[in-house]
Amino acid sequence: MAIPLTFFLLAWLVLVGLFLLASAISIMMYLRFGIAGSMTFLSTLLFVGVSGLVLFITASYLVSVDWSQSVLIGAPISGLQYE
């Protein structure tokens, strides 16, 4: 049975969407109810910056993937002996 790689891309996009939603809610609560100060804004900026960097690096890698390939599920791995 073969699963196209595009299914994994769609699953990744759904998870990124959920992450962005949870992050937006978390940042809004943090800024609204957190202690107002420079550390609050600095840590929020650090969180958004690191998250954005990770998403950018991952997306730049995913551009180079050949999405027309499929993953074989249940295919025997060469070199393994089943007894």
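Every value quoted in this text rests on a predicted model; they were computed, and no experiment measured them.
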Are Ile73 and Leu9 connected in a single hydrophobic cluster, I mean Ile/Leu/Val/Met/Phe/Trp/Tyr linked by side-chain heavy atoms less than 4.5 Å apart?
yes
Crowded around Phe19 CZ? As in, over 12 foreign heavy atoms under 6.0 Å?
yes
Does Ser38 have any side chain to side chain donor-acceptor pair (under 3.5 Å) partners at least two apart in sequence or in another chain, and if so, which?
none
Sorted by chain and number, sequence neighbours left out, side-chain contact (heavy atoms from CB on, under 4.5 Å) with Ala2 holds for Ser70, Leu72
By side-chain contact (heavy atoms from CB on, under 4.5 Å), which residues pair with Val16, not counting sequence neighbours?
Trp12, Leu20, Leu55
Provide the closest heavy-atom pair for Trp67 versus Thr6 in the form atom of the first, atom of the second, distance.
O-CG2, 3.6 Å
Output every pair passing side-chain hydrogen bond (donor to acceptor under 3.5 Å, both in side chains) with a member in residues 20-33, not counting sequence neighbours, ordered by first then second residue.
Tyr30-Ser43
Evaluation steps, side-chain contact (heavy atoms from CB on, under 4.5 Å), between Ile3 and Phe8
CA-CA 9 Å; Ile3 299 175; Phe8 293 107; 4.1 Å; yes
Connected via hydrophobic side-chain network under 4.5 Å: Leu5 and Tyr61:
yes
List the atom pairs, donor and acceptor, that lie under 3.5 Å between side-chain atoms in residues 44-54 and the rest of the protein, sequence neighbours left out.
from, atom 1, to, atom 2, distance (Å)
Thr44, OG1, Thr40, O, 2.8
Ser51, OG, Phe47, O, 2.8

By side-chain contact (heavy atoms from CB on, under 4.5 Å) - contacts of Phe56 (at least two apart)
none
